[in-house]
**Q** 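Pasting in a structure now, in structure tokens, and then I'll have a few things to ask.
Proteins come first, then strands; the chains are lettered A, B, ... in the order of their sequence lines, and each starts at number 1. Source: prediction; values computed, not measured.
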Amino acid sequence: QKEVEQNSGPLSVPEGAIASLNCTYSDRVSQSFFWYRQYSGKSPELIMSIYSNGDKEDGRFTAQLNKASQYVSLLIRDSQPSDSATYLCAVRETSGSRLTFGEGTQLTVNP
Amino acid sequence: DTGVSQDPRHKITKRGQNVTFRCDPISEHNRLYWYRQTLGQGPEFLTYFQNEAQLEKSRLLSDRFSAERPKGSFSTLEIQRTEQGDSAMYLCASSLEWVRTSSYEQYFGPGTRLTVT
């Protein structure tokens with residue numbers, strides 16, 4: 001079983017819709033969770049971090065964390081074509097420093 | 001620009017040659033990380049430093065790979081006797097973490113794309 005799994009893509013949504021990206025992780029001691037956006041040929045860009053159960057909102061982005069279910073998600077409201085990218089979920093353990101990434105979900109927002 | 005910088009951005013080398021990459025972290029950050037990313041995969045951790053101390057190395061980091069951060073500022077990653085399987089994007093990230101830190105955010109540089117022919 002992979003340590004961090006993301007919903008298989010690619011995901012395609014129309015402009016203005018809500019895009020929902022999901023991620024599950026296997027290590028119960030994980031405490032810190034991150035979403036990165038990566039445009040083709042570019043490096044990952046941090047867009048959200050979440051450490052506590054519940055929702056965290058930042059503009060059009062909402063991260064949701066449920067540690068009991070070992071599940072973290074990212075919602076993108078009012079999706080724009082510029083949101084088209086690969087979204088990477090990353091998890092960090094309490095005792096360590098490394099990030100473990102999922103394979104990413106490719107999102108396409110159609111005008 | 002106060003972000004993480006990496007040099008070179010692209011490197012093409014022949015199999016068997018040695019290559020060295022440089023990373024300059026965000027100036028106040030004390031932790032520096034190296035990751036490797038191949039097409040269609042998420043980044044994979046290689047190693048990290050806190051100041052000048054190398055605190056963790058992945059099993060991915062074979063003995064052909066060596067990393068240094070001699071003065072706790074910039075870091076270098078050297079690959080000796082390169083192989084075609086080393087072709088990847090090498091990413092550097094940095095973070096600011098102390099005993100009572102509440103943020104563990106890592107910020108990535110633009111990466112160095114290595115092609116081994």
Side-chain angles (χ1 to χ4, degrees), chain A residues 2-10 21-27 29-52 56 58 61 63 65 72 74 85-107, chain B residues 3-7 9-10 21 23 25-26 29-51 53-61 67 88-99 101-113 115:
Chain A
K2 294 180 181 177
E3 294 182 51
V4 179
E5 293 201 45
Q6 298 187 234
N7 49 334
S8 60
L21 304 162
N22 303 315
C23 174
T24 58
Y25 59 95
S26 59
D27 196 333
V29 301
S30 298
Q31 292 293 325
S32 306
F33 307 87
F34 307 89
W35 284 98
Y36 287 84
R37 177 176 62 198
Q38 187 171 30
Y39 292 114
S40 180
K42 303 296 185 182
S43 63
E45 173 192 8
L46 179 67
I47 53 172
M48 290 287 285
S49 60
I50 186 166
Y51 306 113
S52 303
K56 179 181 178 183
D58 184 0
F61 299 98
L65 175 60
V72 58
L74 179 70
T86 295
Y87 289 80
L88 296 162
C89 172
V91 173
R92 173 185 160 135
E93 299 176 11
T94 302
S95 60
S97 190
R98 66 170 68 187
L99 294 180
T100 301
F101 286 83
E103 292 185 348
T105 299
Q106 186 177 344
L107 171 67
Chain B
V4 179
S5 62
Q6 292 186 245
D7 184 70
R9 299 288 301 275
H10 303 273
F21 309 141
C23 172
I26 294 171
H29 283 186
N30 59 341
R31 290 195 175 185
L32 185 150
Y33 309 79
W34 286 100
Y35 292 83
R36 179 172 68 186
Q37 187 177 25
T38 54
L39 195 63
Q41 302 295 314
E44 294 177 300
F45 172 81
L46 294 178
T47 188
Y48 92 94
F49 295 83
Q50 176 158 308
N51 301 314
Q54 188 173 18
L55 297 187
E56 187 178 357
K57 292 193 292 186
S58 165
R59 285 171 290 178
L60 292 175
L61 210 65
M89 173 82 88
Y90 289 84
L91 295 161
C92 176
S94 70
S95 68
L96 176 62
E97 297 186 32
W98 299 101
V99 173
T101 190
S102 60
S103 171
Y104 303 98
E105 298 176 344
Q106 296 183 19
Y107 297 90
F108 283 86
T112 295
R113 184 168 297 282
T115 302

**Q** Name the region of Gln106(A), side chain, backbone, both or neither, that has any atom closer than 4.5 Å to a heavy atom of chain B.
**A** neither

**Q** Any side-chain heavy atom of Val4(B) sitting closer than 4.5 Å to one from Ser43(A)?
**A** no

**Q** Can you find a pair of side-chain heavy atoms, one from Phe34(A) and one from Glu105(B), that are under 4.5 Å apart?
**A** yes

**Q** Check whether any side-chain heavy atom of Tyr107(B) lies under 4.5 Å from a side-chain heavy atom of Leu46(A), and answer yes or no.
**A** yes

**Q** Does any backbone or side-chain atom of Arg92(A) lie under 4.5 Å from a heavy atom of chain B? Answer side chain, backbone, both or neither.
**A** side chain

**Q** Need one label for Glu56(B): side chain, backbone, both or neither, based on atoms under 4.5 Å from any heavy atom in chain A.
**A** side chain

**Q** Looking at Lys57(B), I want to see if its NZ is surrounded by more than 12 non-hydrogen atoms of other residues, nucleotides or ligands under 6.0 Å.
**A** no

**Q** I want to check something: taking the side chain as every heavy atom from C-beta on, are Ser97(A) and Leu55(B) in contact at a cut-off of under 4.5 Å?
**A** no

**Q** Mind checking whether Leu99(A) and Tyr35(B) have side chains closer than 4.5 Å, heavy atoms only?
**A** yes

**Q** Output the option from Ser49(A), Ala90(A), Pro44(A), Gly104(A) having the highest count of non-hydrogen pairs under 4.5 Å with chain B.
**A** Pro44(A)

**Q** Go through the atoms of Gln37(B) and report whether side chain, backbone, both or neither lie under 4.5 Å from a heavy atom of chain A.
**A** side chain

**Q** Look up atom CZ in Arg98(A) and atom OH in Tyr33(B), then write down how far apart they are to the nearest 0.5 Å.
**A** 11.5 Å

**Q** Run the ring-ring contact (aromatic ring centres under 6.0 Å, His included) test against Phe33(A) and tell me which residues pass, sequence neighbours left out.
**A** Tyr25(A)

**Q** Between Gly42(B) and Leu88(A), which heavy-atom pair has the shortest distance, and what is it?
**A** CA-CD2, 4.0 Å

